[in-house]
S.K.: 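The structure under discussion is supplied below as structure tokens; questions concerning it will follow.
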Amino acid sequence: MSFVEYSDIIQDGDVAIVYLGHDSMMPIKVQHGAQTQTRYGAIRHSTDLIGQRYGLKVTCTKGGWVHVLHPTPELWTVTLPHRTQILYTTDISVITMMLELKPGSVVCESGTGSGSLSHAILRTVAPTGHLHTVEFHQQRAEKAAEEFREHRVDHLVTVRNQDVCKEGFGVTGVADAVFLDIPSPWEAVGHAKAAMKRHGGRVCSFSPCIEQVQRTCEALAKHSFQEISTMEVLLRTHDVRTVSLPLPDFGPDDTAQKKETPSKQAVFMLKTTTPPREIPGHTGYLTFATKPRT
């Protein structure tokens, strides 16, 4: 099992996602002899999981059933243990696209936090790219490094415990892209520029407050970054449902042969979408810029 490579068979030591419902999932570490309790009963790892195929339907001890899924960055985002506020797939997808990440890209990130974005970056840059991620908090840095090893992606990532605003990313002239998710990103813009390759690259800063965005944009312009732009991504999910509508009555048709009036008004069925009454509010602003070639 790896978060960047797909495996068919569940093995001892794997991290798997137990799917109980659309809004109810949890990660488990598969271990010989262990059990996992769910509201549908216990899952016995040795007999129910190890040696079975990912995606299988497992019948629990109380008679209910769950699906066991191979982990992905998207599933990890909605099941990971929160050590900090995290980025979700809506913002992650835009960040990955706007930073122009691809297999082989070298990325610098700060801060690591709970590792939600980190896993998505690693999946994108594998198998030949690398992520240099910096976390100020020592325990969070150690826990992130432990998870990367457990998820078998540690060969693609270097975790550093330091203050990026004072010490930088620990590398110079190697990054194709830089991502900043820290309280004062304007203090790290100079270090971001130093970490990037001479031929240019892209930088992104995530900030919840517009005052942070303003100061970051000023710092980016001061360091000669170009194409500076800020966006906010809001998710609006529509419900799809089937409705029946009566056929309109346009009155008698004098040119047509008179027919017997049907006893019931004709209707037709169609699929339609209904916008939500409420949508999730503001998460944060994404500021992007391009480093000029030097």
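All values below were derived from every heavy atom in this structure, side-chain atoms included, with hydrogens, water molecules and symmetry-related copies excluded. Because the structure is a prediction, the values reported are computed rather than measured.
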S.K.: Hey, what's the ring geometry for W65 with H67, parallel, tilted or perpendicular (30° and 60° as the breaks)?
M.R.: perpendicular
S.K.: Minimum heavy-atom separation for H119 and P73, please, with both atom names.
M.R.: O-CG, 3.6 Å
S.K.: On a heavy-atom basis, which atom in H199 and which in R293 lie closest, and how many Å separate them?
M.R.: O-CG, 3.1 Å
S.K.: So V134 and T112, do their side chains get closer than 4.5 Å, heavy atoms only?
M.R.: no
S.K.: Between the main-chain N or O of H45 and the side-chain N or O of D48, is there a donor-acceptor pair closer than 3.5 Å?
M.R.: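 Not at all, since once roles are kept as given, no pair shorter than 3.5 Å links the two residues.
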S.K.: Say whether T283 and D91, considering side chains only, have a donor N or O and an acceptor N or O under 3.5 Å apart.
M.R.: yes
S.K.: Is the shortest heavy-atom distance from the side chain of V159 to the side chain of F148 under 4.5 Å?
M.R.: yes
S.K.: Following the transitive rule for hydrophobic clusters with a side-chain heavy-atom cut-off under 4.5 Å over Ile, Leu, Val, Met, Phe, Trp and Tyr, establish whether L69 and L49 coincide in one cluster.
M.R.: no
S.K.: side-chain contact (heavy atoms from CB on, under 4.5 Å) between V189 and F225: does it pass, once the steps are laid out?
M.R.: CA-CA 10 Å; V189 169; F225 280 84; 4.0 Å; yes
S.K.: Going by heavy atoms in the side chains, are V15 and V30 under 4.5 Å from each other?
M.R.: no
S.K.: Crowded around E232 CD? As in, over 12 foreign heavy atoms under 6.0 Å?
M.R.: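 Yes - once you tally the heavy atoms of other residues, nucleotides and ligands closer than 6.0 Å, there are more than 12.
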S.K.: Any sub-3.5 Å donor-acceptor pair from K193's side-chain atoms to H223's backbone N or O?
M.R.: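 Such a contact is found between K193 side chain and H223 backbone.
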S.K.: Are Y19 and H22 an aromatic pair, judged by ring center distance below 6.0 Å?
M.R.: no
S.K.: Using atom types as modelled and distance alone, determine if a side-chain donor or acceptor of T72 lies under 3.5 Å from a backbone N or O of L75.
M.R.: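 It does hold such a pair.
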S.K.: Restricting to non-hydrogen atoms, name the atom on A126 and the atom on V4 that form the minimum distance, rounded to 0.1 Å.
M.R.: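 A126 and V4 have their closest heavy atoms at CB-CB, 4.0 Å.
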S.K.: Please determine whether a side-chain nitrogen of the Lys or Arg among E146 and K143 lies less than 4.0 Å from a carboxylate oxygen of the Asp or Glu.
M.R.: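 Between K143 and E146 there is a salt bridge, with a charged N closer than 4.0 Å to a carboxylate O.
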S.K.: Which pairs pass salt bridge (charged side-chain N to carboxylate O under 4.0 Å, His left out) with one or both residues in residues 53-72, sequence neighbours excluded?
M.R.: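 Residue pairs passing salt bridge (charged side-chain N to carboxylate O under 4.0 Å, His left out), neighbours aside: D8-R53.
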S.K.: Under 3.5 Å, is there a donor-acceptor pair between the side chain of T79 and the main chain of M25?
M.R.: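 Such a contact is absent between T79 side chain and M25 backbone.
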S.K.: Determine whether a donor-acceptor pair (N or O, by modelled atom type, separation under 3.5 Å) exists between the side chain of D12 and the backbone of H32.
M.R.: yes
S.K.: Heavy atoms, side chains only, cut-off 4.5 Å: are L270 and T242 in contact?
M.R.: no
S.K.: Find out whether L131 and L156 are in side-chain contact, i.e. whether some heavy atom of one side chain is under 4.5 Å from a heavy atom of the other.
M.R.: no
S.K.: Within the distance-only criterion (no hydrogens, no angle test), does the side chain of D181 pair as donor or acceptor with the backbone N or O of G111 below 3.5 angstrom?
M.R.: no
S.K.: Just checking, is any N or O donor in the side chain of T77 or T89 under 3.5 Å from an acceptor N or O on the other one?
M.R.: no
S.K.: Which residues pass the salt bridge (charged side-chain N to carboxylate O under 4.0 Å, His left out) test with E100, not counting sequence neighbours?
M.R.: none
S.K.: Decide, yes or no, whether a salt bridge links R160 with E135 under the criterion of side-chain N to carboxylate O below 4.0 Å.
M.R.: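 Salt bridge absent between R160 and E135.
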S.K.: Closest approach of D14 and I9, non-hydrogen atoms and distance?
M.R.: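 Heavy-atom minimum between the residues: OD2-O, 3.9 Å.
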S.K.: Looking at F288, I want to see if its CZ is surrounded by more than 12 non-hydrogen atoms of other residues, nucleotides or ligands under 6.0 Å.
M.R.: yes
S.K.: For R202 and M98, indicate whether the former's side chain and the latter's backbone hold a donor-acceptor pair under 3.5 Å.
M.R.: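 It does hold such a pair.
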S.K.: Check each of V18, T47, T38, I43 against V58 using the side chain to side chain contact (heavy atoms under 4.5 Å, CB included) test, and report the only one that passes.
M.R.: I43
S.K.: Quick one about Q214 and E218 (side-chain donor to acceptor, distance below 3.5 Å, no hydrogens or angles considered), yes or no?
M.R.: no
S.K.: Side chains of C60 and V66, heavy atoms from C-beta outward: is any pair under 4.5 Å?
M.R.: yes
S.K.: Any side-chain donor paired with an acceptor under 3.5 Å for T124 and T96?
M.R.: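 No pair is found: no donor N or O on one side chain lies under 3.5 Å from an acceptor on the other.
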S.K.: Any sub-3.5 Å donor-acceptor pair from S93's side-chain atoms to T90's backbone N or O?
M.R.: yes
S.K.: Is any side-chain N of the basic residue among K197 and D176 closer than 4.0 Å to the acidic one's carboxylate O?
M.R.: yes
S.K.: Which atoms form the tightest heavy-atom contact between F169 and Q162, and what is the distance?
M.R.: C-NE2, 3.8 Å
S.K.: L286 versus C204: any side-chain heavy-atom pair under 4.5 Å?
M.R.: yes
S.K.: Look only at the side chain of Q212 and the backbone of C209, and say whether a donor-acceptor pair between them is shorter than 3.5 Å.
M.R.: yes
S.K.: What are the two closest heavy atoms between L80 and S114, and how far apart are they?
M.R.: CD1-CB, 3.8 Å
S.K.: Give the C-alpha distance, both sets of side-chain angles, the deciding distance and a yes or no for side-chain contact (heavy atoms from CB on, under 4.5 Å) between S2 and H151.
M.R.: CA-CA 6 Å; S2 169; H151 300 165; over 6 Å; no
S.K.: Crowded around Q85 CD? As in, over 12 foreign heavy atoms under 6.0 Å?
M.R.: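 Atom CD in Q85 is not crowded, with 12 or fewer foreign heavy atoms closer than 6.0 Å.
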S.K.: Any donor and acceptor pair, going by atom type alone, linking the side chain of T61 with main-chain N or O of A42 inside 3.5 Å?
M.R.: yes
S.K.: Assess, by modelled atom type and distance only, whether the side chains of H130 and T158 contain a donor and an acceptor separated by less than 3.5 Å.
M.R.: yes
S.K.: Looking at side-chain heavy atoms only, is the closest gap between Y285 and F206 below 4.5 Å?
M.R.: no
S.K.: Indicate whether the side chain of R241 and that of T274 have a donor and an acceptor atom separated by less than 3.5 Å.
M.R.: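 On atom types as modelled, these side chains qualify, holding a pair under 3.5 Å.
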